[in-house]
Structure formats: structure tokens, C-alpha cells
Amino acid sequence: MAGQLRHMLRDDDVNHDEQKEILELGMKFWKDRYYHRPFAGPQGVAVIFDKPSTRTRSSFSVGVAELGGYPLVIDKSGSQLGRGEPVADTARVLTRMTSAIVWRTFGQDRVETMAKYATVPVVNALTDQFHPCQILADFLTIAQHRGGVDALAGQSIAYLGDAANNMANSYLLGGATAGMNVRVAGPRGFLPEPQIVEDAERIAAQTGGSILVTTDPREAVADADCIFTDTWVSMGEENEYAVRSKPFWDYQVNDELMKLAKPDALFQHCLPAYRGKEVTASVIDGPQSVVWDEAENRLHAQKALLTWLMGKLLDDKEMLK
Ligand code: CP
Ligand code: NVA
């Protein structure tokens, strides 16, 4: 039977059971870094950056190598893509030489175009709209601290800060897919697009999760199992720094807000973090913070995702186990 070409462009590109399969694989890679080697050969995997990165660059580079493959890391400044070569032509070329394409870029339409013209799996390594690889790592972190992937459904997670950014959108869709109670809080003017909220609510209705979007940070964190935040100034918004410094102060994750969550609540941040802005040093460097596990889990989660995508493409069920 022919396999399926699947992509991970946004968090709801996988359903509840598929997300679980990927996270279970992530748990296995966490315990054994060489659990599967789908790119042995080695096969090339293109990892392209139109924006800066530390974690995504290192985790995909090391991850592809640990999967037996060759990470072909391409920067915007050193590629024709950066000089305006069409995305479709880039997809047609890379497809002939690589087994998967991972891309960090600006608009979601760009990764969608890449996926339309590629005949290998395409992975969104962050766009302005979504960061699905980060969400897999974050949920893997919760699973590790809560006794497994089955514990994810029913967890209450709260995200505070810029609720219109890629992380907020991804928590909404990814959390709904996992069957979590997702609370997102931000100031007026920085709340998610209605279409994203609608999509998350539709998914949550199927998985038993729930969605709350609010301007009240206290309502969001009340009895939460995990608190998340992110920078108030995302990549590409640097010239809005002054405007973006003011509206978010009530959403800073500090000791007072952490006390409203469950006593054993975890704190996560995709990083890079700005201490004294979106989170205090006392929280991110404190006992409830699991941000270094979270960063490491980019490696395990993405290896799981790439293996799962290759398993689907090759219709190799052993790779999904
Ligand atoms: N969290 C994250 O994606 O980090 P980088 O920007 O360093 O890749
Ligand atoms: N929202 C942030 C996430 C960084 C990993 C950004 O897009 O810059």
C-alpha cells in the first residue's frame, strides 16, 4: 500500500491520536536517542532559516544527524530563496535531493506553498502564525513530569502575554488537539484571531478539551497545571518594541500569579526569555520552572515528528512504534 505524504504546518495537521503517537515516539527518543534511524544512508534533510534561531537550529541539526541523516542547514542570506527565487521552484529542487524540508520563515502561506510543491514532508519550524514543533516539545515536557502521554488530556494550561502571536495560536490548536483545557490571556488588541479560536473550539469539542480566551490573567492561571509565556516582541516586530513594552505588564508571570495556579504547576517558556519582562527571574530560575527540559525536548519531539512523517510516507508501521 502506498504511504501518505503528510506535513506539519500547523498544530491541527495531526489529530488527537496522531499527536499521541508522535509524543509516545518522543518519549522513546528521550530514553534512547538512537531508537529509530529513518534517515540512515545518510539522507539529506533541508533545514532552512529566514529568521534567527538557537534551539531550532541546534535541535534539528543534531536531531537529523542522530536519525542517521545529513542536516543541510540553509540561511536566508546564503540562499537564492533570500534573493526572491520562488518558493515553488525551491520546493521542486529540494524535493529531488532531500527526504524532508524544515523551514522557519515569516508568513504561513510560504510553508503552505512549499508543501504544495514538495513531494517530501514539510515541517514548519516557526512562522508568524504557528510554532508546532515547540508545542510538541512543551507537551512532551508535561508528559515527562506527569507520568506519561496519557496524562495530557484534561490538563489545564495557561498562556499569558502576546495572545495574538504564533505561540498563543499553537497552544490553542495543539492544546485542543490534546484534549486540554487551554486558557489564553492577553490585553485587548493582542488576542487571537476569531478563526483560530473557532478552530480550537471545534477541535476541543471532539477531544473533550476546552478553550478560554480572556483579558484577565488571574482567570487564566487559576488552578492551572502549567503556565506558559513568551516574549512580548516576536521576531520581525523589533521596530514595535516601544509600543509593545506597555500593554503586557499585568501579564508578567511572577510569583504572585504562580501562586494562583496549582501548587505543583510547571512553568515553561519557549525561549529566548527576557527576565524582568514577560517573566521574573524568580519564576524562570525557580523550582517550578522546567524550561531546560523543555529546550532539550525540542530534540526528542522533532526526531519523533520526522520519524513519524517518514513512517507515514513509507507506510512503515514499525517507524510509528
Ligand atoms: N524556541 C525557539 O524556537 O528557539 P529558537 O528561536 O532559538 O530556535
Ligand atoms: N513568538 C516568538 C517565538 C520565538 C521562539 C517569535 O516568533 O519570535
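Both counts, for ligands and for their atoms, begin at 1 and track the order of listing. Computed over heavy atoms, backbone and side chain alike; hydrogens, waters and symmetry mates excluded.
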Heavy-atom contacts with [X] under 4.0 Å: which atoms of ligand 1 show up? List them by number with element.
| X | result |
| --- | --- |
| Cys270 | 1 (N) |
| His131 | 2 (C), 3 (O) |
| Thr54 | 5 (P), 7 (O), 8 (O) |

(Q) Let's go through Asp75 and Arg57 carefully: what are the C-alpha distance in whole Å and the side-chain angles of both, what is the deciding distance for salt bridge (Lys or Arg N to Asp or Glu O under 4.0 Å) to 0.1 Å, and is it a yes or a no? (A) CA-CA 10 Å; Asp75 272 313; Arg57 181 184 298 262; 3.0 Å; yes
Look at [atom] and say which protein heavy atom is nearest, naming residue and atom and giving the distance to 0.1 Å.
| atom | value |
| --- | --- |
| atom 6 (O) of ligand 1 | Arg104 NH1, 2.8 Å |
| atom 8 (O) of ligand 2 | Met235 N, 2.8 Å |
| atom 4 (O) of ligand 1 | Arg55 NE, 2.8 Å |
| atom 2 (C) of ligand 1 | Arg298 NH1, 3.3 Å |

Using a 4.0 Å cut-off to any heavy atom of [X], which atoms of ligand 2 qualify?
| X | answer |
| --- | --- |
| Asn166 | 1 (N), 2 (C), 6 (C), 7 (O) |
| Asn165 | 1 (N) |
| Leu126 | 3 (C), 4 (C), 5 (C), 7 (O) |
| Leu271 | 5 (C) |

What about [X]: any of its N or O atoms under 3.5 Å from an N or O on ligand 2?
| X | answer |
| --- | --- |
| Thr231 | no |
| Asp230 | yes |
| Lys51 | no |

(Q) If I apply the N/O under 3.5 Å rule, does Arg57 come out as touching ligand 1? (A)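 N/O-N/O distance under 3.5 Å: no.
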(Q) If I apply the N/O under 3.5 Å rule, does Met235 come out as touching ligand 1? (A)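 No, since none of the N or O atoms of Met235 sits under 3.5 Å from an N or O of ligand 1.
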Give a yes or no on whether a salt bridge exists between [X] and [Y], defined as a side-chain N under 4.0 angstrom from a carboxylate O.
| X | Y | value |
| --- | --- | --- |
| Asp12 | Arg10 | yes |
| Asp264 | Arg146 | yes |
| Lys321 | Glu318 | yes |
| Lys262 | Asp223 | no |

Q | Tyr70 and Phe39 aromatic centres sub-6.0 Å | A |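 No, they do not, as the ring centres are separated by 6.0 Å or more.
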**Q.** More than 12 heavy atoms from other groups under 6.0 Å of CZ on Phe106
**A.**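 Yes, CZ of Phe106 has more than 12 neighbouring heavy atoms, counting only those of other groups under 6.0 Å.
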Q. Counting only N and O atoms by type, is there a donor-acceptor contact under 3.5 Å from the side chain of Asp138 to the main-chain atoms of Thr141?
A.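 Not confirmed, Asp138 side chain does not pair with Thr141 backbone.
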Q: Say whether, by atom type as modelled, one donor and one acceptor occur between the side chain of Ser234 and the main chain of Glu237 under 3.5 angstrom.
A: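 No, the answer is negative, given that no donor and acceptor are paired below the 3.5 Å cut-off.
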Q) What do you reckon, does Leu271 put a non-hydrogen atom under 4.0 Å from ligand 1? A)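 True for this residue.
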**Q.** Option from Tyr251, Phe228, Tyr171 for which ring-ring contact (aromatic ring centres under 6.0 Å, His included) with Tyr159 holds
**A.**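 Option passing the ring-ring contact (aromatic ring centres under 6.0 Å, His included) with Tyr159: Tyr171.
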Q: Evaluate salt bridge (Lys or Arg N to Asp or Glu O under 4.0 Å) for Arg6 paired with Glu18, printing each intermediate quantity in order.
A: CA-CA 11 Å; Arg6 298 287 298 269; Glu18 292 172 336; 2.9 Å; yes
